[in-house]
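Below, each value reflects all heavy atoms present in this structure, side chains not excepted, and no hydrogens, waters or symmetry copies. In this text the structure is predicted, and so the values were computed from the model without any measurement.
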Amino acid sequence: MSRLIHSTPRADGYRMPGEFEPHAGIWMLWPERPDNWRNKAVPAQKAFTEVARAINRFEPVTMGVLQSQYKNARAMLPETVRVVEISYNDSWMRDCGPTFVTNGTELRVVDWIFNAWGGESGGLYAPWDLDDLVAQKVAEIERVARYKAPLVLEGGSIHVDGQGTLLTTRECLLNPNRNPGKSQSDIEGLLTEYLNVESFIWLNRGIYNDETSGHVDNICCFIRPGEVALAWTDDRSDPQYEISQENYDILCSAVDARGRRLKVHKIPLPSPVYITREESEGVLSVEGTLPRREGDRLAASYINFVFCNGGAVVPTFGDANDNLALVALQNLMPERKIMGVYAREILLGGGNIHCITQQQPK
């Protein structure tokens, strides 16, 4: 049973750890929507399987699946991956799932309000009511207490250093389709209470053409306290160049909760990735769901990776910069094994490896 607690994590001495801190495991959700994943989601299911397999080399993985997909997922996934039935609308566990907080000995979860990246004003699909229950269901499965936060927020819109600093973007958190009527100060106040942070670094924009309204997890992340990795391009003709340069300037002038200037590491982006005709035609067209059109640019980034215990699983795209990015991340994190997984099929659905995973801290 998951007990609902009517205080806040900060009041109770709980905090959100940095993702690079030790995990008990990783949560995922199985893809199946034919109006988002092409060819009845079969290619995406193979990609999710490879991501789960890679993460499982380092730590336990739990895959939530719909009843109709249980046998299929169980047959495709390694035996060491736990498969549990959960109802949901789509498979973005980072965004609809819980944020775990800890006091050092006990875990609890923060259950945010989820509105499918914009609700009635720009949301990516409807309905999303089952997604909004995923965090509560995970809390029930893990038998941990739950805080219900009065804030629309997706997990991919925030990163923390575990020492009081939060990184986000104005493009997302201040978007009027998330929390209309709440100011930046109001949102900071709620994040302070529910994540136990005290210092905020606001980037203005995320990756160019990111349908999540510029989630920070696609453009910048903490490698460790005091250090961040930033998606970068040297191509001045690319609209991404101005965004990355602006973010670089913001980060270089920022100070974290402990008074440190950040070390900012530039990670090259892949060449722009576009949807092909074959990929577009494989997606079922349904009213109310974001269409996948031939020629649309996708928000590809190597920053959308997930930390594991002793490792990190990084998306690759069959691009000339794949190896450059993997080597750069390996050099930044010599204490970890950096593993690349080909992730174009996940990108075609609108996100990547970080978006489909959610860590449960130890």
Side-chain angles (χ1 to χ4, degrees), residues 8-27 55 58-59 93-95 97-112 135 138 142 144-145 147 149 151 153-169 173 187-203 215-230 251 254-265 303-313 329 332-336 353-355 357-362:
T8 69
R10 184 179 182 87
D12 296 338
Y14 285 74
R15 68 176 179 100
M16 179 184 177
E19 189 176 319
F20 40 76
E21 296 183 50
H23 299 172
I26 293 280
W27 283 82
I55 294 170
F58 302 99
E59 62 188 80
M93 180 56 102
R94 176 68 51 180
D95 290 347
T99 296
F100 286 90
V101 291
T102 180
N103 65 358
T105 57
E106 182 182 0
L107 288 180
R108 293 177 178 175
V109 307
V110 178
D111 179 0
W112 311 100
V138 171
E142 292 299 319
V144 296
Y147 300 94
L151 188 68
L153 183 137
E154 306 96 39
S157 69
I158 55 170
H159 269 306
V160 299
D161 69 352
Q163 297 182 355
T165 310
L166 183 140
L167 181 64
T168 188
T169 69
L173 283 201
I187 291 170
E188 287 183 356
L190 287 167
L191 293 172
T192 296
E193 285 300 316
Y194 284 90
L195 298 176
N196 204 350
V197 294
E198 58 196 64
S199 180
F200 299 86
I201 300 172
W202 288 88
L203 305 181
H215 272 188
V216 76
D217 72 346
N218 212 24
I219 193 161
C220 188
C221 68
F222 287 104
I223 295 294
R224 57 184 64 87
E227 295 189 46
V228 295
L230 173 68
L251 291 163
V255 177
D256 69 14
R258 299 203 174 179
R260 291 174 293 220
R261 292 279 186 182
L262 299 177
K263 292 182 181 178
V264 185
H265 305 282
I303 298 297
N304 206 300
F305 68 86
V306 66
F307 283 97
C308 309
N309 293 333
V313 179
L329 290 169
L332 281 179
M333 299 181 281
E335 73 282 6
R336 298 179 183 273
I353 290 175
H354 193 258
C355 306
T357 55
Q358 179 62 266
Q359 70 277 1
Q360 179 173 332
K362 275 190 176 172

With rounding to the nearest 0.5 angstrom, report the [atom1] to [atom2] distance, [X] to [Y].
X: Leu230; Y: Leu203; atom1: CG; atom2: CG; value: 7.5 Å
X: Arg261; Y: Leu251; atom1: CZ; atom2: CG; value: 11.5 Å
X: Phe20; Y: Met333; atom1: CZ; atom2: CE; value: 11.0 Å
X: Leu153; Y: Leu191; atom1: CG; atom2: CG; value: 6.5 Å
X: Lys362; Y: Asn309; atom1: NZ; atom2: CG; value: 5.5 Å
X: Ile219; Y: Ile303; atom1: CD1; atom2: CD1; value: 8.5 Å

Candidate pair Thr192 and Phe200, rule side chain to side chain contact (heavy atoms under 4.5 Å, CB included), full reasoning: CA-CA 9 Å; Thr192 296; Phe200 299 86; 3.5 Å; yes
Who pairs with Arg15 by salt bridge (charged side-chain N to carboxylate O under 4.0 Å, His left out), at least two apart in sequence or on another chain? Glu21
Tell me, please, which residues at least two apart from Glu227 pass salt bridge (charged side-chain N to carboxylate O under 4.0 Å, His left out). Arg224
Close side-chain approach of [X] to [Y], heavy-atom, < 4.5 Å:
X: Thr357; Y: Arg94; value: yes
X: Asn196; Y: Val101; value: no
X: Val110; Y: Met16; value: no
X: Asp256; Y: Pro225; value: no
X: Gln358; Y: Gln360; value: no
X: Ile26; Y: Glu59; value: yes

For the student: nearest non-hydrogen atoms of [X] and [Y], plus distance:
X: Trp27; Y: Met93; answer: O-CG, 3.6 Å
X: Glu19; Y: Phe305; answer: OE2-O, 4.0 Å
X: Leu107; Y: Pro361; answer: CD1-O, 3.2 Å
X: Trp202; Y: Ile187; answer: CH2-CG2, 4.5 Å
X: Phe58; Y: Gly310; answer: CE2-O, 3.7 Å
X: Cys355; Y: Asp217; answer: SG-OD2, 4.0 Å

Judged by atom type as modelled, is there a donor-acceptor pair below 3.5 Å linking the side chain of Thr165 to the main-chain atoms of Ser199? no
Indicate yes or no: does Asp12 engage Arg108 in a salt bridge with an N to O separation below 4.0 Å.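 So Asp12 pairs with Arg108 through a salt bridge.
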Given the rule in the side chain to side chain contact (heavy atoms under 4.5 Å, CB included) test, do Asp95 and His215 qualify, once you have shown the distances and angles that lead to the verdict? CA-CA 10 Å; Asp95 290 347; His215 272 188; 3.2 Å; yes
Tyr147 and Tyr14 aromatic ring geometry - parallel, tilted or perpendicular at 30°/60° bounds: perpendicular
List the steps, then state whether side chain to side chain contact (heavy atoms under 4.5 Å, CB included) holds for Arg260 with Asp161. CA-CA 12 Å; Arg260 291 174 293 220; Asp161 69 352; 4.0 Å; yes
